[in-house]
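Let me begin by presenting the structure, written as structure tokens, before commenting on it.
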Amino acid sequence: MPLTLHDTLTREARVVRALDGGTLKFYCCGPTVYGPAHIGNFRTFVVQDVFRRVVERDGTATLHVRNITDVDDKTIRDSQKAGLSLADFTRHWTEKFHADCAALNLLPPHVEPGAVAHIPHQIRMIEKLIAKGHAYATSGGVYFKVSSFPQYGRLSHLEDREIKLGASTAATDSDEYDKDSLSDFALWKARKPEDGANFWRSPWGEGRPGWHLECSAMSLEYLGEDFDVHSGGVDLVFPHHENEIAQSCCATHGRFAHHWFHVAHLMVDGGKMSKSQGNLYTLEDLANRGYTPEEVRYVLISGHYRAPLNFTFHSLDAARHALQKMARFQKSALERLAIHSVEPSGPGPFASAWETLNHDLNTPGCLGEVFTTLNRLKPAHLSDSEIVEALGGLRFILQALGLKLPELKEDTATDVPTEVATLAARRWEAKKNKDWAAADILRKEIESAGWIVKDGKDAYELTRK
RNA sequence: GGCGAGGUAGCAAAGUGGUAAUGCACUGGUCUGCAAAACCGGUAUGCGCGGGUUCAAUUCCCGCCCUCGCCUCCA
């Protein structure tokens with residue numbers, strides 16, 4: 001089943017296939033490691049992960065490269081604030097990023113190159129660009145000459161991009177006054193005092209590479225001049241990806257990426273996430289409120305990747321119940337067969353969910369189809385082999401989505417206050433004696449103490465209100 | 001101002017030229033001493049607004065309104 005995916009450049013859905021007929025080469029712009037990634041960042045990475053899983057389940061191997069930006073203004077600034085070397089500082093946040101990725105069940109990329117380790121590659125690319133007349137050196141660094149690349153602006157659909165007065169203050173307060181044109185962007189930045197020890201040698205003096213260049217250099221190194229799919233958040237369309245295209249196409253004879261895949265932003269309570277509004281959440285923030293990474297992942301794929309997704313705590317609660325609903329089906333079906341697990345098979349009865357997923361990575365539509373199918377399947381009326389097929393199909397879809405189902409154990413509280421425990425024990429006695437009036441009074445007392453009793457067949461359970 | 005993405009039930013979110021999936025919430029029922037859980041049902045004459053095309057539009061076309069994003073180093 002071929003996966004179709006919207007292409008930012010052509011603005012149409014195109015079939016995803018490997019250029020070389022074998023391995024799909026996939027580049028993702030990774031995080032800048034100067035702090036914990038927030039769930040908005042992870043929306044992009046989770047969607048990219050689903051993409052990869054679908055491609056692989058469609059029978060195409062992938063070569064997935066995702067970079068780590070470990071040198072830029074922010075990493076330098078914050079490492080100095082922290083009193084750490086840039087390397088120690090970025091290593092710490094890279095490790096944190098990896099831990100979060102693992103918690104979210106993201107497949108690790110096959111290659112995860114860092115910018116600092118690829119400075120020689122970036123220097124070589126600058127040399128090529130200068131030699132071909134696409135870049136020039138000044139006292140402030142080396143700049144890409146945008147006017148030398150007529151196709152500049154095609155991706156963001158603004159061919160003649162003009163700087164609007166007032167649209168940016170960078171033009172006036174920047175140290176890049178020595179550029180030929182305001183549109184030109186830095187390939188190499190000359191060393192500044194505030195860079196501290198963070199500079200490298202180059203034919204143009206000491207300094208550091210510009211941000212856009214690393215992705216061009218590293219994708220060239222690991223994927224070649226032409227590769228299949230390039231992905232990132234929508235905010236990277238301009239200028240980052242536009243600049244990458246310019247650098248790469250001018251430095252090589254290739255076409256660079258053949259398919260552009262951009263993920264829309266995550267909103268919080270209807271607005272942009274930002275530190276100043278206090279609505280910027282990390283996995284840790286959500287864990288502190290009792291939400292699991294699986295629930296976060298579910299929320300992040302509960303909207304189509306090209307539409308803004310509004311994140312709320314209500315949506316996390318909804319995710320919890322939705323996952324439990326799937327888990328209940330799985331549990332009761334497994335119990336009927338008296339087995340513990342079933343290997344994922346093909347999609348089986350979940351074919352419609354799989355088909356929907358392959359249509360421009362429609363994850364919310366896919367989840368809807370999963371539940372529609374689940375609601376139709378009545379384990380009591382199915383044969384053993386039909387149940388095995390259904391369980392295998394469900395596992396197949398869940399693995400494509402990267403979702404893990406929760407354990408359905410009731411979490412019995414262990415920190416019940418003695419007086420509440422005593423009340424509950426007395427109520428149980430009253431209940432056994434069919435003294436309903438006393439039992440009801442005791443239930444009320446337990447509730448006013450902040451606890452809820454749930455009766456089972458031959459035991460009861462206490463949970464916090 | 002330019003460009004892009006959106007506006008579908010209380011919330012979230014699919015989808016389609018032929019009359020609206022799904023999850024949560026709510027609600028009726030079964031079950032239960034009563035609850036809870038579970039299970040079985042119900043809940044948008046309507047898809048931002050106004051025109052147009054069509055036998056038929058939420059879906060196509062035109063205009064408008066609103067939201068969000070980007071406009072030089074934000075996923």
Side-chain angles (χ1 to χ4, degrees), chain A residues 8 11 28-32 37-48 69 72-74 146 153 156-171 174 176 179 182-186 189 210-213 231-240 242-243 262-267 270-274 298-299 302-304 306-312 314-323 325-326 328 332 352 356 359 362-375 378 380 410 431 434-437 439-440 443 447 452-456 460-461 463:
Chain A
T8 310
R11 301 197 222 186
C28 299
C29 290
T32 302
H38 56 72
I39 54 173
N41 298 313
F42 281 119
R43 179 187 190 189
T44 299
F45 300 134
V46 164
V47 168
Q48 290 164 343
T69 298
D72 79 323
D73 290 340
K74 293 186 290 279
V146 167
S156 50
H157 305 110
L158 218 194
E159 328 285 308
D160 276 317
R161 195 169 268 281
E162 299 271 335
I163 299 288
K164 284 278 171 203
L165 220 58
S168 164
T169 54
S174 130
E176 300 177 351
K179 293 192 291 188
L182 284 175
S183 307
D184 293 352
F185 56 90
K189 299 173 134 183
W211 173 47
H212 309 296
L213 189 60
S231 180
V234 270
D235 51 330
L236 298 185
V237 173
F238 185 87
H240 186 56
E242 204 72 77
N243 292 352
H262 291 104
V263 182
H265 276 178
L266 185 73
M267 322 280 293
K272 188 183 180 177
M273 246 192 318
S274 70
Y298 187 99
V299 170
S302 68
H304 186 83
R306 281 196 290 130
L309 176 65
N310 191 23
F311 174 87
T312 61
H314 179 87
S315 64
L316 274 176
D317 292 330
R320 169 168 301 175
H321 290 116
L323 285 166
K325 187 165 182 169
M326 292 186 195
R328 275 199 299 275
S332 68
S352 63
T356 303
H359 181 64
N362 188 347
T363 49
C366 174
L367 290 169
E369 289 299 328
V370 167
F371 285 108
T372 302
T373 305
L374 238 34
N375 290 337
K378 310 290 179 199
E410 297 291 345
K431 204 187 139 165
K434 297 197 191 293
D435 184 355
W436 311 128
D440 286 348
R443 177 194 288 283
E447 277 176 17
I452 292 171
V453 198
K454 292 179 186 170
D455 292 342
Y460 59 88
E461 183 194 330
T463 52

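In the text below, chain A, chain B and the rest are named by the order of the sequence lines, each starting its count at 1.
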Subject >> Short side-chain to backbone donor-acceptor contact, A:Asp455 and A:Tyr460, under 3.5 Å >> reply: no
**OP:** Determine the minimum heavy-atom distance between A:Phe45 and A:Cys29, stating which atoms define it.
**Re:** CE2-O, 3.5 Å
Subject >> Closest to side chain of A:Pro364, choosing from B:rA21, B:rG23, B:rA14 >> reply: B:rA14
Original post:
Under 3.5 Å, is there a donor-acceptor pair between the side chain of A:Arg43 and the main chain of A:Val263?
Top reply: no
Original post:
How far apart are the C-alpha atoms of A:Asp72 and A:Trp211, what are their side-chain angles, what is the distance that settles it, and do they pass the side chain to side chain contact (heavy atoms under 4.5 Å, CB included) test?
Top reply: CA-CA 7 Å; A:Asp72 79 323; A:Trp211 173 47; 5.6 Å; no
**OP:** Could you tell me which non-hydrogen atom of A:Met326 sits nearest to which non-hydrogen atom of A:Leu367, and how far apart they are?
**Re:** CE-CD2, 3.9 Å
Original post:
Which is it for A:Asn375 and A:Lys325 under the side chain to side chain contact (heavy atoms under 4.5 Å, CB included) test, yes or no, and what are the steps along the way?
Top reply: CA-CA 10 Å; A:Asn375 290 337; A:Lys325 187 165 182 169; 3.9 Å; yes
Subject >> Value in whole Å for how far the P atom of B:rA12 lies from CZ of A:Arg320 >> reply: 20 Å
**OP:** Could you check whether A:Leu309 gets within reach of a base, just the sugar-phosphate, or nothing at all, counting any heavy atom under 4.0 Å?
**Re:** sugar-phosphate
**OP:** Round to a whole Å and report the spacing from CZ of A:Phe185 to P of B:rC71.
**Re:** 15 Å
Original post:
In whole Å, what separates the P atom of B:rG23 from that of B:rG6?
Top reply: 25 Å
**OP:** Could you tell me whether A:Asn243 contacts a base, only the sugar-phosphate backbone, or nothing, with contacts defined as non-hydrogen atoms closer than 4.0 Å?
**Re:** nothing
Subject >> Minimal non-hydrogen separation, A:Phe371 against A:Ala322, with atom names >> reply: CZ-O, 3.5 Å
**OP:** Between A:Gly303 and A:Ala264, name the one whose nearest nucleotide on RNA chain B is closer to the 5' end.
**Re:** A:Gly303
**OP:** Using the C1' atom on both, measure B:rU8 against B:rA57 and round to a whole Å.
**Re:** 14 Å
Subject >> Nearest-angstrom distance, P atom, B:rA21 to B:rA9 >> reply: 14 Å
Original post:
Taking for each residue the nucleotide of RNA chain B with the nearest heavy atom, is it A:Arg11 or A:Gly30 whose nucleotide lies nearer the 5' end?
Top reply: A:Arg11
Original post:
Which heavy atom in A:Ser352 sits nearest to a heavy atom in A:Thr373, and how many Å separate them?
Top reply: OG-OG1, 4.0 Å
Subject >> Separation between the C1' atoms of B:rA20 and B:rA37, rounded to whole Å >> reply: 32 Å
Original post:
When the distance from CE of A:Met326 to P of B:rA38 is rounded to whole Å, what number comes out?
Top reply: 15 Å
Original post:
Should stems be defined as at least three consecutive Watson-Crick or G-U pairs with both distances under 3.5 angstrom, which of them involve RNA chain B?
Top reply: B:1-7 with B:65-71, B:10-12 with B:22-24, B:26-30 with B:38-42, B:48-52 with B:60-64
Original post:
Counting only side-chain N and O atoms of A:Asn362, is one of them less than 4.0 Å from OP1 or OP2 of B:rA14?
Top reply: no
**OP:** With C1' as the reference atom in both, quote the distance from B:rU58 to B:rG46 in angstrom, rounded to an integer.
**Re:** 8 Å
**OP:** Please determine, for the side chain of A:Ser183, which listed nucleotide (B:rU72, B:rA14, B:rA75) has the closest atom?
**Re:** B:rU72
Subject >> P atoms of B:rC60 and B:rG42, separation to the nearest Å >> reply: 30 Å
Subject >> Distance between C1' atoms of B:rA75 and B:rC55 (Å, rounded) >> reply: 48 Å
**OP:** Quick one: closest heavy-atom pair of A:Gly153 and A:Glu242, and the distance?
**Re:** N-OE2, 3.0 Å
Subject >> Separation of atom CG in A:Leu236 from atom C1' in B:rG69, rounded to whole Å >> reply: 12 Å
Original post:
Nearest-Å distance, NE2 (A:His240) to C1' (B:rA75)?
Top reply: 11 Å
Original post:
Looking only at heavy atoms, which two atoms of A:Leu309 and A:Val299 are closest? And how far apart?
Top reply: CD2-O, 3.3 Å
**OP:** Report the distance from atom CG of A:Asn310 to atom P of B:rC66, rounded to the nearest whole Å.
**Re:** 20 Å
Original post:
Which letter, B, S or -, goes with each nucleotide of nucleotides 24-34 of chain B from 5' to 3', with contact meaning a protein heavy atom under 4.0 Å?
Top reply: BS-------BB
**OP:** Please check the phosphate of B:rG23 (OP1 and OP2 only) for any side-chain N or O of A:Asn375 closer than 4.0 Å.
**Re:** yes
**OP:** Identify, with sequence neighbours excluded, every residue that meets side-chain contact (heavy atoms from CB on, under 4.5 Å) alongside A:Asn362.
**Re:** A:His304, A:Thr356, A:Pro364
Original post:
Taking the same atom, C1', in B:rG10 and in B:rU27, what whole-Å distance lies between them?
Top reply: 13 Å
Original post:
Counting any heavy atom closer than 4.0 Å, what does A:Lys434 reach on the DNA or RNA strands: base, sugar-phosphate only, or nothing?
Top reply: nothing
Original post:
At under 4.0 Å between heavy atoms, what does A:Ser302 touch on the DNA or RNA strands: base, sugar-phosphate, or nothing?
Top reply: sugar-phosphate
**OP:** Return the nearest nucleotide to the side chain of A:Thr44; candidates are B:rA75, B:rC71, B:rG23.
**Re:** B:rA75
Original post:
Could you give the CG-to-C1' distance, from A:Asp235 to B:rG6, as a whole number of Å?
Top reply: 17 Å
**OP:** Looking at every strand, decide which applies to A:His304 at a 4.0 Å heavy-atom threshold: base, sugar-phosphate, or nothing.
**Re:** sugar-phosphate
Original post:
Between A:His212 and A:Phe185, what is the ring plane arrangement, given parallel below 30°, perpendicular above 60°, and tilted in between?
Top reply: perpendicular
**OP:** Return the value, rounded to whole Å, for the distance between atom CZ of A:Phe311 and atom C1' of B:rG6.
**Re:** 20 Å
